[in-house]
Amino acid sequence: MTLPPGSTIGILGGGQLGRMMALAAARIGYRCHIFDPHGAPCAAEVSAHFTRAEFDDEAALERFGASCDVVTYEFENLPVEPLRLLGDRLKPGLKSLAVAQDRGDEKSFLESAGARVTPWRAVASLDDVQAAIAELGLPIVLKTRRYGYDGKGQAWIREAGDAEGAWNAIGREPAVAEAGVNFEAEFSVVIARAEDGQTRAFPLTCNHHEGGILRTSTVPAGPAIEAMAGGAIAAARAIGDALGHIGVLTVEFFATADGPLVNEIAPRVHNSGHWTIEGAHTSQFEQHLRAILGLPLGDASLVASEAVMENLIGSEIYRWEEILAEPGADLHLYNKGEARPGRKMGHVTRLS
Ligand code: AMP
């Protein structure tokens with residue numbers, strides 16, 4: 001079904017991804033309604049409507065759903081059960097959301113969809129961690145099954161004596177233990193999948209992280225990564241098909257000497273796709289909207305020779321004046337308030 005311009009798109013979550021989605025929606029004539037428990041989420045100030053309520057407030061969700069023609073989400077840590085009342089209006093559906101919420105379920109699902117992942121074990125006690133070390137060797141990284149992002153909820157074990165400290169550092173929570181990968185590079189594939197199963201992939205993006213947080217994304221990703229494009233895009237499509245996903249889906253990979261390994265997936269637009277706003281014919285935000293609205297998918301190709309996106313993290317935001325003065329630099333500020341260390345406050349894209 002096609003939802004024509006003038007329709008209302010509900011977005012669960014009011015962060016910068018919702019903000020950029022709402023800006024993309026306005027450009028093609030749609031209005032957005034943000035649902036978020038915070039007082040002044042940065043997506044709400046660029047949207048027509050805002051509901052402030054907890055994500056499990058079923059009465060508020062019911063009213064919100066009734067006021068929207070389609071509902072989507074901009075982050076995955078949402079309670080699944082209350083969202084059932086949105087029915088088919090929720091795109092992507094609950095399966096995409098549920099799988100991406102739990103790193104253990106995600107890895108089992110990825111394996112069942114035929115994707116290669118890092119060797120891993122589920123752990124729920126210090127004994128399990130010791131067993132994982134015996135089976136996987138060192139180093140390994142513990143990642144809490146739920147609520148981790150940007151390197152939070154993660155601790156490395158490099159020597160056997162680090163095990164207890166790492167287990168305590170992640171709060172003794174159910175986790176996955178993953179073998180440390182000696183990767184050559186990291187990259188992501190952002191694809192959009194329409195209701196009829198058609199997909200479009202953006203060019204592979206090379207991602208550089210520091211302290212678990214994305215620093216830069218570069219396209220083209222370079223020959224070593226591009227040589228893996230066929231396998232990586234096929235894996236992303238297989239994952240999208242297995243989820244019955246509608247919308248943008250991001251798959252993050254490690255490029256290793258034996259080919260691509262999936263690190264994690266996000267059932268949504270992604271930081272590593274921000275370069276597409278200026279750098280692709282259709283941005284990831286518009287592409288997501290096109291997929292959930294039943295519109296034709298857009299041209300995902302790069303419009304320049306190269307695009308480099310740099311995140312502005314914490315106090316780096318205060319470089320805004322210098323960036324505005326730089327020819328060819330496109331600045332995005334999210335107006336999120338306090339510039340706490342590690343917080344993504346904006347980004348800048350440079351095309352050449
Ligand atoms: P994640 O939250 O899983 O994306 O992890 C954040 C970052 O930590 C990744 O982008 C990598 O740079 C690094 N990392 C995570 N897992 C591993 C691993 N198994 N081996 C090596 N580096 C990793």
Side chains of Ile140 and Ile133 in contact at under 4.5 Å (non-hydrogen atoms) = yes
Nearest non-hydrogen partners of Val129 and Ala163, listed with the distance | CG1-CB, 4.3 Å
Expected output: side-chain His245 to main-chain Val248 donor-acceptor under 3.5 Å = yes
What is the minimum heavy-atom distance between Ala177 and Leu142, and which atoms define it?
-> CB-CD2, 3.8 Å
Between atom CD1 of Ile191 and atom CD of Gln284, what is the distance when rounded to the nearest 0.5 Å?
-> 13.0 Å
Please walk me through it: do Thr282 and Asp299 pass side chain to side chain donor-acceptor pair (under 3.5 Å)?
-> CA-CA 6 Å; Thr282 311; Asp299 177 353; over 6 Å; no
Check: Leu204 main-chain N/O paired with Glu226 side-chain donor or acceptor under 3.5 Å = no
Contacts satisfying salt bridge (Lys or Arg N to Asp or Glu O under 4.0 Å) that involve residues 327-338 (not counting sequence neighbours) are Glu338-Arg340
Look at the side-chain heavy atoms of Ile, Leu, Val, Met, Phe, Trp and Tyr, link any pair under 4.5 Å apart, and say whether Val141 and Leu138 land in one connected group.
-> no
What pair of heavy atoms forms the shortest contact from Ala43 to Gly18, and how long is it?
-> CB-C, 3.6 Å
Kindly write out the residues that satisfy side chain to side chain donor-acceptor pair (under 3.5 Å) with Arg319, not counting sequence neighbours, or none if the list is empty.
-> Glu310
For the side chain of Glu316 and the backbone of Ile313, is there at least one donor-acceptor N/O pair under 3.5 Å apart?
-> yes
How many angstroms lie between atom CD of Glu54 and atom CG of Leu61, to the nearest 0.5 angstrom?
-> 10.5 Å
Which pairs, with at least one residue in residues 65-117 and sequence neighbours excluded, count as a ring pair (Phe, Tyr, Trp, His ring centres under 6.0 Å)?
-> Phe55-Phe75
Is there any ring pair (Phe, Tyr, Trp, His ring centres under 6.0 Å) pair reaching into residues 184-227, and which pairs are they, with sequence neighbours excluded?
-> Phe187-Phe253
Just checking, is any N or O donor in the side chain of Ser67 or His49 under 3.5 Å from an acceptor N or O on the other one?
-> no
Could you check if a side-chain atom of Ile323 sits within less than 4.5 angstrom of a side-chain atom of Leu312, using non-hydrogen atoms only?
-> yes
Can we say Lys91 and Glu195 salt-bridge, meaning some charged N sits less than 4.0 Å from an Asp/Glu carboxylate O?
-> yes
Are there more than 12 heavy atoms of other residues, nucleotides or ligands under 6.0 Å from atom CG of Asp196?
-> yes
Salt bridge (Lys or Arg N to Asp or Glu O under 4.0 Å) pairs, two or more places apart, involving residues 272-287 | Arg27-Glu286, Glu286-Arg290
Can Leu97 be reached from Val70 by stepping across I, L, V, M, F, W or Y side chains whose heavy atoms are under 4.5 Å apart?
-> no
Taking side chain as C-beta onward, heavy atoms only, is Val219 less than 4.5 Å from Thr205?
-> yes
Measuring from Phe64:CZ to Arg89:CZ, what's the distance to the nearest 0.5 Å?
-> 9.5 Å
Does some side-chain heavy atom of Thr276 sit less than 4.5 Å from a side-chain heavy atom of Val190?
-> no
Nearest-0.5 Å distance that lies between atom CH2 in Trp275 and atom OG1 in Thr349 | 10.0 Å
Criterion side chain to side chain contact (heavy atoms under 4.5 Å, CB included) on Val99 and Asp105, from CA distance to verdict = CA-CA 6 Å; Val99 159; Asp105 294 349; 5.6 Å; no
Side chain to side chain, Pro296 and Gln198, heavy atoms closer than 4.5 Å = no
Report the C-alpha distance between Asn168 and Leu126 in whole Å, list the side-chain angles of each, state the deciding distance to 0.1 Å, and finish with yes or no for side chain to side chain contact (heavy atoms under 4.5 Å, CB included).
-> CA-CA 9 Å; Asn168 289 336; Leu126 184 55; over 6 Å; no
Asn182 CG: over 12 foreign heavy atoms closer than 6.0 Å | no
If Ile, Leu, Val, Met, Phe, Trp and Tyr residues are connected whenever their side-chain heavy atoms lie under 4.5 Å apart, and connections chain through other members, are Leu3 and Ile292 in the same group?
-> yes
Heavy-atom nearest pair, Ala339 first then Ile317, reads CB-CG2, 4.0 Å
The complete set of salt bridge (Lys or Arg N to Asp or Glu O under 4.0 Å) pairs with one or both residues in residues 29-45, sequence neighbours excluded, reads Arg19-Glu45
Least distance between heavy atoms, Thr256 atom then Val181 atom | CG2-CG1, 3.6 Å
Which heavy-atom pair separates Ala192 from Leu297 by the least distance, and what is that distance?
-> O-CD1, 4.0 Å
Mutual orientation of the aromatic rings belonging to His274 and Phe285 [parallel < 30°, tilted 30-60°, perpendicular > 60°] = tilted
Residue pair Glu62, Leu85: steps toward the side chain to side chain contact (heavy atoms under 4.5 Å, CB included) verdict = CA-CA 7 Å; Glu62 193 98 58; Leu85 60 84; 4.2 Å; yes
Which distance, rounded to the nearest 0.5 Å, do you find between the CD of Gln101 and the OH of Tyr147?
-> 6.5 Å
Taking only residues at least two apart or on different chains, which pairs with a member in residues 1-14 satisfy side chain to side chain donor-acceptor pair (under 3.5 Å)?
-> none
Asp102 meets the side chain to side chain donor-acceptor pair (under 3.5 Å) criterion, sequence neighbours left out, with Arg145
Tell me, please, which residues at least two apart from Glu106 pass side chain to side chain donor-acceptor pair (under 3.5 Å).
-> none
Are there more than 12 heavy atoms of other residues, nucleotides or ligands under 6.0 Å from atom CD of Glu164?
-> no
Check whether any side-chain heavy atom of Met309 lies under 4.5 Å from a side-chain heavy atom of Ile277, and answer yes or no.
-> no
May I have all residue pairs that pass salt bridge (Lys or Arg N to Asp or Glu O under 4.0 Å) and include part of residues 245-270, sequence neighbours excluded?
-> Glu76-Arg268, Arg103-Glu264, Arg116-Asp258
Partners passing side chain to side chain donor-acceptor pair (under 3.5 Å) against Asp57 (at least two apart in sequence or in another chain) = none
Spacing of Ile265 atom CD1 and Thr250 atom OG1 [to the nearest 0.5 Å] | 9.5 Å
Just jot down the ring pair (Phe, Tyr, Trp, His ring centres under 6.0 Å) partners of His270, sequence neighbours excluded, or say none.
-> none
So do Leu12 and Leu83 actually touch side chain to side chain, heavy atoms under 4.5 Å?
-> yes
Glu326 versus Arg350: any side-chain heavy-atom pair under 4.5 Å?
-> yes
Check the pair Glu178, Lys107 against side chain to side chain contact (heavy atoms under 4.5 Å, CB included), reporting the backbone distance first and the verdict last.
-> CA-CA 10 Å; Glu178 260 181 57; Lys107 285 186 190 297; 3.1 Å; yes
Going hydrophobic residue to hydrophobic residue with side-chain gaps under 4.5 angstrom, can you get from Leu90 over to Val269?
-> no
Are Ile11 and Tyr30 co-members of a hydrophobic cluster defined by side-chain heavy atoms under 4.5 Å apart?
-> yes
